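Everything quoted here is computed from the prediction, not taken from an experiment.
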Amino acid sequence: MMRTAKVSRRSRAVSSTCVNLCVLAAIPALCSGAPPPAVDVLKSDIDAVAAAPEGGADRQIKVVDVGNLNVGVGVLQQAKRKTADGEPVSGISHAQVTEVYYVLSGSGVLITGTEIANPVALKADDEVVKVAVGPSRRATFMGGQRRTVSAGDVVVIPAGVLHGWVEIPDHVKYLSIRPDPDRVLPAGYVNPTLKQPAL
């Protein structure tokens, strides 16, 4: 009888250990899950959002949850301009969102820098803050680095770096890819233009 009790206890202990090991083995699979699916931003999406009658210079196309961060994709269009010699140049910086510009067409003189004056925060309920770039401020450059960019060029602008345009001979149109590690942008956002039914 004693031997049966010992075997039974040993059997329960082995069973319990097996269950525990199975649970532990399953935890990584449960926690990691499958990666999110790929999301397309087609040329037709970019063109449709850029051509829409509503919206400002900065138009978010989509915001995608890629697992450990969100990524926004926007299209921006700037018109001809020239800053006079000695005139202050203003720009915008984003507290948490980095931007990667890819110039689609046109050209211009882009300025970036971290020495600034007269910063003014954008309102939290501004559409560009809520959807495109998160908390941001406008300010005036004190110095800064200027470079001419044109179709095919890429510029990486870290969060917190002021950026703006000094001169645009005709126009500049560019994509902005926006890594958002703090998830301040709304995952799943799709520009309303792309939700409208086709005619």
Side-chain angles (χ1 to χ4, degrees), residues 39 41 43 45-47 49-50 55-83 87-187 189 191:
V39 174
V41 178
K43 181 181 183 301
D45 297 337
I46 297 165
D47 292 345
V49 171
D58 188 336
R59 302 175 181 199
Q60 194 80 298
I61 302 169
K62 292 181 180 179
V63 178
V64 182
D65 178 351
V66 297
N68 58 351
L69 74 159
N70 293 339
V71 176
V73 180
V75 61
L76 296 90
Q77 301 175 99
Q78 305 287 347
K80 179 177 180 176
R81 72 181 68 163
K82 182 170 174 58
T83 306
E87 183 182 345
V89 179
S90 63
I92 189 169
S93 66
H94 316 304
Q96 294 160 280
V97 174
T98 290
E99 291 194 280
V100 182
Y101 285 177
Y102 173 70
V103 182
L104 297 169
S105 65
S107 65
V109 178
L110 179 70
I111 182 171
T112 58
T114 54
E115 293 184 28
I116 65 170
N118 309 315
V120 177
L122 273 62
K123 293 180 181 176
D125 61 352
D126 278 2
E127 188 71 8
V128 73
V129 171
K130 291 191 303 183
V131 170
V133 292
S136 300
R137 62 185 181 175
R138 296 199 179 279
T140 304
F141 285 94
M142 303 293 289
Q145 179 188 2
R146 301 177 185 213
R147 84 274 285 148
T148 299
V149 296
S150 57
D153 290 340
V154 174
V155 183
V156 179
I157 304 172
V161 173
L162 194 69
H163 49 284
W165 295 95
V166 177
E167 182 178 354
I168 299 171
D170 179 64
H171 80 282
V172 64
K173 178 180 176 182
Y174 49 106
L175 285 180
S176 178
I177 313 302
R178 295 159 165 159
D180 171 27
D182 297 322
R183 298 179 180 272
V184 296
L185 305 182
Y189 172 85
N191 191 285

*Using modelled atom types only, decide if a donor and an acceptor are shared between the side chain of Arg59 and the backbone of Val49 within a distance under 3.5 Å.*
yes
*asked:* Rounded to the nearest 0.5 Å, what separates atom CG in Leu162 from atom CZ in Arg138?
replied: 9.5 Å
*asked:* As an exercise, state the distance from NZ of Lys80 to NE2 of His171, rounded to the nearest 0.5 Å.
replied: 13.0 Å
*Mind checking whether His94 and Arg178 have side chains closer than 4.5 Å, heavy atoms only?*
no
*What distance separates Glu127 CD from Asp58 CG, expressed to the nearest 0.5 Å?*
10.5 Å
*Any side-chain heavy atom of Leu104 within less than 4.5 Å of one from Ile46?*
yes
*Closest heavy-atom pair and its distance - Ser107, Pro169*: O-CD, 3.4 Å
*Hey, could you give me the CD/NZ distance between Gln77 and Lys173, rounded to the nearest 0.5 Å?*
5.5 Å
*asked:* Could you work out, with side-chain hydrogen bond (donor to acceptor under 3.5 Å, both in side chains) as the rule, every residue matching Asp180, not counting sequence neighbours?
replied: none
_So, taking the atom named CE in Met142 and the one named CD1 in Ile116, what distance separates them when rounded to the nearest 0.5 Å?_
10.0 Å
_Measuring from atom CD of Gln60 to atom CG of Leu76, what distance do you get when rounded to the nearest 0.5 angstrom?_
9.0 Å
_Using only atom types and a distance under 3.5 Å, with no angle test, would you say the side chain of Asp65 pairs donor to acceptor with the backbone of Ala187?_
no
*Please test Leu122 against Val133 for side-chain contact (heavy atoms from CB on, under 4.5 Å), starting from the C-alpha separation and ending with a verdict.*
CA-CA 11 Å; Leu122 273 62; Val133 292; 5.8 Å; no
*Could you tell me whether the side chain of Thr83 and the main chain of Val166 form a donor-acceptor pair under 3.5 Å?*
yes
*Minimum heavy-atom separation for Tyr102 to Val154, with atom names?*
CD1-CG2, 3.7 Å
*Minimal non-hydrogen separation, Pro88 against Thr140, with atom names*: CB-CG2, 3.7 Å
*Looking at Thr98 and Pro179, what are the two nearest heavy atoms and their distance?*
O-CD, 3.3 Å
*Which atom pair, heavy atoms only, marks the closest approach of Val63 to Val131?*
CG2-O, 4.0 Å
*Any pair with a residue in residues 142-152 that passes side-chain hydrogen bond (donor to acceptor under 3.5 Å, both in side chains), sequence neighbours left out, goes on the list, sorted by first then second residue, please.*
Thr112-Arg147, Gln145-Arg147
*Taking all atoms of both residues into account, what is the closest heavy-atom pair of Ala139 and Pro119, and its distance?*
CB-CA, 3.9 Å
*Just say parallel, tilted or perpendicular for the rings of His163 and Tyr101, cut-offs at 30° and 60°.*
perpendicular
